Amino acid sequence: MRQKFVAGNWKMNLDLDDGKDLLIEIINSSIDSTAQIIVIPPYIHLSKFNQLLTSSNIALGAQNCHQQDSGAFTGEISVPMLKSVGVEYVVLGHSERRNYYFEDSISLSFKVQQVLDHGLRPIYCCGETLDQRQEGLHFDEIRTQLKEGLFKLNEMELLNCVIAYEPVWAIGTGVTASPEQAQEVHSFIRKTIASVYGDMVADNISILYGGSVKPDNAKELFNCPDIDGGLIGGAALNADSFAAIANSF
Ligand code: PEP
């Protein structure tokens with residue numbers, strides 16, 4: 001059985017007091033889900049959140065990392081630093097980082113390796129733009145992002161990755177991919193992995209969907225055979241909606 005996840009990416013939202021209030025609401029919302037729940041706040045909240053999560057099953061994630069252990073990289077945060085404050089998952093290649101900070105899949109492959117080398121798990125995002133989908137290039141784009149970002153890994157390393165399919169046109173727009181559209185791409189991702197790593201790896205890797213997941217569409221998406229959960233943006237900033245999505249498993 002593949003591991004299920006519901007991960008809330010808070011992006012650059014909420015100061016420490018408001019963030020603590022939301023986290024406590026989430027902890028108290030008695031989520032009853034078969035999925036691993038992950039909260040991914042801004043870096044600056046991680047240490048405090050680690051203390052607040054000690055007696056909870058909720059895991060902590062970071063939104064990015066640097067590919068070196070330490071050094072003269074002003075403004076950056078390393079994986080050992082993240083590990084020291086209890087982080088277990090690191091989102092890499094979110095479309096906002098690819099778009100605003102020009103991160104590409106080849107440079108992301110070094111971050112993926114760094115996260116794995118320190119025993120943490122990357123959540124590697126891939127997805128196409130609206131133009132690419134309209135031109136019928138979405139499968140090519142996703143294949144390239146997977147190949148360049150992940151396919152240097154060995155089998156065990158790849159199995160420690162979580163993949164998030166996030167069509168750029170669905171992120172923060174209120175437009176969700178239909179379950180059929182999402183399932184089609186998830187199945188394509190699994191087949192692409194199978195063609196390189198074989199069926200065992202493809203069948204066991206978790207692939208999340210992200211893009212305007214809400215309480216009223218989560219169940220239908222999560223029921224698709226190749227969708228193993230969600231990476232949630234806007235709806236993760238409200239404890240009731242995040243809990244409702246988590247409880248869709
Ligand atoms: C995201 O940022 O990864 C995301 C999926 O955002 P939203 O749920 O708001 O579309």
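In this text the structure is predicted, and so the values were computed from the model without any measurement. Start at 1 and go down the list; that is how both ligands and their atoms are numbered.
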Just one of R133, R143, R98 clears the salt bridge (charged side-chain N to carboxylate O under 4.0 Å, His left out) bar with E128, so which one? R133
Given F49 and W10, is the ring pair (Phe, Tyr, Trp, His ring centres under 6.0 Å) satisfied, shown in steps? CA-CA 13 Å; F49 281 23; W10 292 14; 5.4 Å; yes
Please state which part of A170 comes within less than 4.0 Å of ligand 1, counting heavy atoms only: side chain, backbone, both or neither. backbone
When distances are taken from atom 8 (O) of ligand 1, the protein heavy atom at minimum range is G233 N, 2.9 Å
Please state which protein non-hydrogen atom is closest to atom 9 (O) of ligand 1 and give its distance, to 0.1 Å? G234 N, 2.8 Å
Hey, which atoms in ligand 1 end up nearer than 4.0 Å to a heavy atom of I171? 1 (C), 2 (O), 4 (C), 6 (O), 10 (O)
For the residue pair F188 and F139, categorise the inter-ring angle as parallel (less than 30°), tilted (30 to 60°) or perpendicular (more than 60°). tilted
What protein heavy atom lies closest to atom 1 (C) of ligand 1? Include the residue and the distance to one decimal. H94 NE2, 3.2 Å
Heavy atoms only: which of K11, E166, E96 is nearest to atom 3 (O) of ligand 1? E166
Check if G172 has a non-hydrogen atom at a distance under 4.0 Å from any atom of ligand 1. yes
Could you please spell out the steps behind the salt bridge (charged side-chain N to carboxylate O under 4.0 Å, His left out) verdict for R190 and D228? CA-CA 12 Å; R190 224 176 275 292; D228 305 308; 2.9 Å; yes
In ligand 1, the atoms that come under 4.0 Å of a heavy atom of S212 are 7 (P), 8 (O), 10 (O)
Test the K152-F110 pair against the cation-pi criterion, namely NZ or CZ under 6.0 angstrom from the six-membered ring centroid and within 45° of the ring axis. yes
OG-CG distance between S33 and N57, expressed to the nearest 0.5 angstrom: 10.5 Å
Please answer whether the main-chain N or O of A177 pairs with a side-chain N or O of Y209 as donor and acceptor at a distance below 3.5 Å. yes
Pull out every atom of ligand 1 sitting under 4.0 Å from any heavy atom of G211, numbered as shown with elements. 5 (C), 10 (O)
